[in-house]
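Below, chain A is the first sequence line, B the second, and so on; all start at residue 1. When reading the values below, keep in mind they use all heavy atoms of this one structure, side chains included, and skip hydrogens, waters and symmetry mates. This one's a predicted model, so the numbers in the text were calculated from it and none came from an experiment.
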Amino acid sequence: MTVEEPARSRTISVEVNGEVYEREVDARRLLVHFIRDDIDLTGTHIGCDTGNCGACTIHLDGQAVKSCMLLAVQADGAKIGTVEGLAPVDGELSPLQQSFSAHHALQCGYCTPGMLMSASALLEQNPHPSEDEARTAIQGNICRCTGYVNIVEAIVSVGK
Amino acid sequence: MSTTDTDIVTAPVELQKGHIGQSIPRKEDKRLVQGQGIFFDDVRRHGMGYVHFVRSPHAHAKIVSIDVAAALALDGVYGTLTGDEVAIQTDPFFEMSTPPGANIKDYALAVGKVRFMGEPVAAVCARTRELARDAAELVEVEYEPLDVLVDARKAVKNETVLHDDAGSNVVWSGVFDWGDWEAAKAEADRIVTIDELHFHRFSSTPLECSGALVEYERASGQWTLHCNHHMPGVGAIWMAPALRTGIDKLRFVTRDIGGGFGNKICLHPYYVTLCLLARKLNRPVNWTEWRTDQHTANAHGNERWFHDVEVAVKDDGTLLGFNVKALDDCGAFPRYEPLGCIIWAQVAAGCYAWRNVRVDFTQVTTNKAPVSPNRGYSRMQHLWLTERIVDIVGAELELDPVEMRKRNYVKTEQMPYETPNGCVYDSGDYARCLDIALDLIGYDTIQERKLEATGRGKLLGIGIGSTLDSGTNNFGQSQLLNPELQFSGNNEAATVKLDIFGEIVVTLGTVPQGQGHETTASQVVADILGCSPDQVNVRQGHDTFFNSNAGFSGTYASQFAVTGLGAVKGAADLLRAEMIQLAAAVLQAPEEAIELADGFARIKDGPPEAALPFMALGAIVNANNAFLPADFNPTLNHRFVYKPYFGMVDTEKKTGQLTLTYATQIHACVVEIDRETGVVEIVDYAAVDDCGVRIHPQIVEGQVHGATAHAIGAALFEDFVYDEDGQLLTSNFYDYHVPHALDVPALKTGAIESPSPFTPLGSKGMGEGGGGGIHCICSAIQDALRPAGRPIVYDSCNPYHRVWSMLQDPESTRSNVSVAPA
Amino acid sequence: MKVEGVKELSAPRDVVWKVLNDPAQMAKLMPGVEGFEIKDDRNWQAKVKIPLGLGGLRMTIDFHKVEERPPEFAQLNAKGNGVGAIMNMQTQFHLSESGAGTSMRWEADVKIAGPVGAMGQRVLQPIINQQVGNVLGALEKQVSEAAAAGSAEQQS
Amino acid sequence: MLLREVEYARPSSVDEAVRLLASHEGARALAGGQTLVNVMKARAASPDVLVDLSRLEGLRSITVSGDTLHLGAMATYTQIMASSEVEVSRPILAEVAAQIADVQVRNRGTIGGNICSNDPTNHLPPLLVALGASMTIRGAEGERTVSAEEFFLGVYLTAVGEGELLLSVSVPAAAKAADGFASITIGRDGTCIASAAASLARGAPRIALGCVDAVPVLVTPAGADEAAIREAVAGAGLEPPSDVHAAAEYRRHLATVCAVRAVQQAAERGR
């Protein structure tokens, strides 16, 4: 076994939406910047600098996490899901995505990727969430346009 | 008064509601739910550098020196820019005020002095984002701190002056005197006075922060800004002269914008810095603002004090008028100001029929972040005052708040109604909206609910917020501040064309940030051209190169449903006429016999073959036109500029039609207050909206939800608080708490449609909401606290600690108010 | 933010005065000093890394002695730069004789400017209290060592 | 958003982690990163070396042995919420974990990270003090155990010294324990202004107050009645910090209210 010594950069391998990426990254690089700037998946957004807003929410090994509070090197070996991987087939939308549109659960659409990732993580564990459960699932996602009303409806109705 | 002496051009509502009025799926959604939206920070260019600003930690200080040597020495740093360079290479931005405000010198970076915490003093550009920040930390700035002014009430005394060139902290001041206040006082039974009310500082904090990718083309001297500015027409008016270039050298491109709410209108100082860097370094530069930067140094809403409020009222609750001193705090630089010193006058009378209004208005600079129009801009502050007046007067005279309002509302039979300052309320039924709102929150059971809550240690209260969302500015009101200004009227452009394969292509001058313009424009075009909205391709965003923008292009001031869609309708009407003309020529039929339907131009009730698909029309004009007569030159490509008619303002009397439409929002809510802690919970909430003809009811309702959530945040949590040294204490989402999903109650909505007689589609601009939620939450808190010593809600923000203080010491708030016989 | 207090020290006043007015001795009082440079008898500079559980907080602090009235009063200003913030601290201390020992009354007005300072507002006061506690503890140690050294000298 | 340069290592054993922490000056353990990465983003505090504990699977376990519940330092809030061991042996831990921040943070944030950062607004430090928990710390010289009361030393400061690593937290197991927790947050789930955890499990109430000092303040009233609690909190001589959300006086008042509510909840649970 090799002895681990600290280094300022590291080669990591991550699987993102089923595709494997191997890159050398600075230890200080945030995962969200790796996703957006290094592998060009710009659907994952940044809305704050303190981990409050959830616009950068992704799935890390199946769990919703905020990619701005994680270093890219911490994701080494992980399976990552981003909003770009939500639609089952290119050009078609998942029931959740369709529901967001049908219920007008998005206006500017900036928080939407994070909302969808939080909501889809909920629906995987709990396919028929109540309104309270839906609200709790997105408590870490800030939306400044919708007042959440239609987002909650969109999530709940997928389970109905 | 139910007539008006202003000439008003009205257009009949001639459209059948086909797609208009339907909540069709939004065109924008498909890309956005897949993460395929294109926001400015998603745009990349080869060799681009990242910009990081060096910002002042001080609120007020002299800049003694700036040393960028260490930053430049760092590997990967492309270059820097400082205020000294800016002062040489640019001119100060144009100021709209008369002196003293007119003499303020506002540059892209601080020159000589910093005037608010977070003000950019230098910019660094480097190969990566991280390196740019590393380098920015190496820039050494020596400051000599100066006395700090954070309180407008102190600033107005001019003991310390922010802008030596102006010689005063006053930007603008003036008296507005409409009706006859002295006569109102004489007629009144009582005069209620309120010493001081405070409308606090907050902003809508769009989730996407500001930024841009700026490219410079050496050969042409052309800058392209891939950005999220949502009023680029006015942005260019500021930037081009400062950069000493022509307006055509600034190309603004926006695609998707992550919320704006007015907060992305004053980006010109940042953008000029980026333009200078792109030119100096000869490479594209990207700047992404971070949240803390946005809170500390971008755009706050106007903070306003109201002093010595006097209200003339009859014993039966009839309001005759009011007299107030308003003191507006615009932060360190006026920028979009002093427009806020007049915009409120669009709603000077609020929803009420009082005829005597006197406002002594002063605006000052302080060592805080500059303001920018923020959802409900300037009207919200004033409407909060009118609603506070109604509730405070009502409470002091023991009058029922519902009766008080109904007695004094402008009545629907008075519409169109001319206000004391010459504005014209186009249509509406405030009392009916209020009834619907009260019904939604179960007003008739409120006494029982109060009793029940008392048993649980809670204080329950009900509140009402009556607001007008005035839309489609008449920029002529700027002349009431400064008669020299050459702005008046309003306009917006759009183009509609039929292309070679039958594509209908629409370009807009507006700059949407979530309002669904692509969708609603397609509905209007589809109804005019007789096709499905799916066949209408509305180009995403704004591009100066579309040639579909006018001087006031942008998305602001609740106007798209009037100006934007007015332009779209105008262009589509022109195209329709030409398509009919062309089809008539081809089908050898009179024009009256042609109809456009189902994507065809065809002879009404004619045989199936007497029909031309749109593709045929497009192909004929664009590719197969030899057979057309020599004197027939259809283009199938039309540009229309919509221009509302206002007439001129009266600069002497300070009157005029300051805006075109008035949407109504009546909010009502029920709150519970924990007596022990002051914690406020909203337990029921209803918002009733009347914006005339709704093009897309779901989008309208979405705007109502959003405006309400902003109001809930502002009324309970969101407050830009500065300490005495000018340090912002709420610079992030921990301390500046915006509503989370669990904070927003299930919102009930209602709507009526009072079509506007003044607009092309009978629609009215909406979406800003006039802060209805703030007014009604303040109203409800005051009602709830009534059994606890009848405190007066004197501030627009009531976080728990303030509510608790009111519970502890109601008297200190009561001493603010007095009632005297007139 | 103002912090103040009274500290009883078991050493004669002139010993305490010496410790407090010797930059080299002062350096030993401050937590996490990594470098120290005396510019002249009124100005010196320290590079510190204030140890916190989450990692060091690095600052360069310039000290300037504003006023002194030996052996009873001194006023010292410190200006720190780093972590995206500027710290300004004005301290005063008054020494009076208290039996065989010394009573030190001190006050400090600490101002932090910049977004990090604003962000850390809720933890600032406890952190400053901690650091003040550390400094006073170190001072006590330093003073008693100096006093012991002094008395040892006398004995020899 | 943009961090300073930092070195990173990801050991695969506790020994190696402790060696890395001990042999590099300015090295800090990186657990879930939900506080540390944030602080680094602000460049407020900057470790020189990060020692990522994510590969130390052993630190994630939640076990019960005898009458003690052991929570590995790397156990996440989500894990604690879902753990049957927690549910049967000290359910208040899951209840309070569910009140921390939001889903995403609960998926990453760990009990170890929470208590080692000891931000005064954190929920777990007062809870663990009230429950009489103890912490096992590993250093170059081996393991030692510190009681929760002695563990918290200041803001961002704990008994875990340089070169040391927190391994686990042990809590006395008591399935139907009379425990309670009350807090006042900005909005439903925003920043905490005041909190109190209470336990009547060992008879007389143990109340730990959060947000009023750099470390949780332990209050032990003579009885569980409201008057006794109020008297005990008043007697604690609290001098809470003032900030934009609460002046010292208001925070002191809220501390009392939270204490009373936490004890009431505890008493109800114990019935």
Side-chain angles (χ1 to χ4, degrees), chain A residues 1-10 12 25-33 46-78 114 117-119 121-122 125 132-133 135-142, chain D residues 1-13 15-17 19-21 23-24 26-27 30-44 46-55 76 78-79 82 98-109 113 187-191:
Chain A
M1 204 176 79
T2 56
V3 176
E4 179 83 12
E5 281 306 324
R8 286 198 164 183
S9 68
R10 191 179 184 105
I12 64 166
V25 292
D26 280 355
R28 63 164 158 175
R29 192 80 161 156
L30 291 170
L31 181 59
V32 66
H33 280 134
I46 299 170
C48 73
D49 48 10
T50 46
N52 299 82
C53 85
C56 63
T57 301
I58 57 154
H59 294 175
L60 185 80
D61 293 328
Q63 280 186 317
V65 303
K66 294 177 179 176
S67 61
C68 79
M69 288 206 281
L70 222 74
L71 306 174
V73 287
Q74 288 178 277
D76 187 17
M117 298 316 282
S118 289
L122 166 74
Q125 292 170 7
D132 272 357
E133 288 165 338
R135 282 189 188 266
T136 301
I138 57 163
Q139 68 179 149
N141 293 74
I142 290 172
Chain D
M1 279 298 281
L2 309 160
L3 284 67
R4 286 217 176 88
E5 284 273 21
V6 66
E7 291 187 300
Y8 172 90
R10 192 174 56 217
S12 38
S13 71
D15 284 347
E16 202 185 346
R19 179 189 64 79
L20 282 162
L21 287 167
S23 59
H24 295 277
L30 173 63
Q34 303 300 284
T35 302
L36 182 52
V37 173
N38 250 354
V39 170
M40 291 175 72
K41 273 153 53 175
R43 298 197 174 189
S46 294
D48 300 309
V49 176
L50 289 173
V51 179
D52 181 359
L53 309 179
S54 64
R55 294 296 193 271
T76 64
T78 298
Q79 241 182 303
Q99 293 173 42
I100 296 171
D102 52 54
V103 177
Q104 296 96 313
V105 169
R106 294 196 287 268
N107 284 339
R108 286 292 300 174
R188 285 286 186 82
D189 53 0
T191 303

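If you take CG on N38(D) and CE on M1(D), they are separated by 9.5 Å, rounding to the nearest 0.5 Å. Once rounded to the nearest 0.5 Å, the distance linking CG of D52(D) with CD of Q74(A) reads 5.0 Å.
Applying the side-chain hydrogen bond (donor to acceptor under 3.5 Å, both in side chains) rule to S23(D) yields no partners; only residues at least two apart in sequence or on another chain are considered. Shown here are the side-chain hydrogen bond (donor to acceptor under 3.5 Å, both in side chains) partners of N52(A), two or more places apart in sequence or in another chain: T50(A).
The candidate with the highest count of non-hydrogen atom pairs below 4.5 Å against chain D, out of A121(A), C68(A), G77(A), is C68(A). Put simply, of L2(D), L30(D), L50(D), the one with the most heavy-atom pairs under 4.5 Å next to chain A is L30(D). Interface check for chain D: of the options L71(A), D26(A), V73(A), I138(A), the most heavy-atom pairs under 4.5 Å are formed by V73(A). In terms of non-hydrogen atom pairs under 4.5 Å with chain D, the most contact-rich of M69(A), K66(A), R29(A), M117(A) is M69(A). Ranked by heavy-atom pairs under 4.5 Å with chain D, the first of L60(A), I46(A), T57(A), D76(A) is D76(A).
Looking at Q104(D) and S118(A), their side chains do bring a donor and an acceptor atom within 3.5 Å of each other.
Only the side chain of V37(D) comes within less than 4.5 Å of a heavy atom of chain A; its backbone N, CA, C and O stay farther away. If you measure heavy-atom distances from R10(D) to chain A, the contacts under 4.5 Å come from both the backbone and the side chain. Heavy atoms of L70(A) lying under 4.5 Å from chain D belong to its backbone as well as its side chain. Contact annotation for L36(D): neither backbone nor side-chain heavy atoms come within less than 4.5 Å of a heavy atom of chain A. The contact between R10(A) and chain D is made entirely by side chain atoms (from C-beta outward), counting heavy-atom distances below 4.5 Å. There is no contact between R188(D) and chain A, counting heavy-atom distances below 4.5 Å. Proximity to chain A (any heavy atom under 4.5 Å) is shown, for V6(D), by both the backbone and the side chain. Neither the backbone nor the side chain of V51(D) comes within contact range of chain A; no heavy atom of the residue lies under 4.5 Å from a heavy atom of that chain.
For N107(D) (side chain) and V65(A) (main-chain N/O), no donor-acceptor pair under 3.5 Å exists by modelled atom type. Checking side-chain atoms of T78(D) against main-chain N and O of R106(D) turns up a donor-acceptor pair under 3.5 Å. The closest donor-acceptor contact from the side chain of S67(A) to the backbone of C56(A) lies under 3.5 Å.
Between E5(A) and R19(D) there is a salt bridge, with a side-chain nitrogen of the basic residue lying less than 4.0 Å from a carboxylate oxygen of the acidic one.
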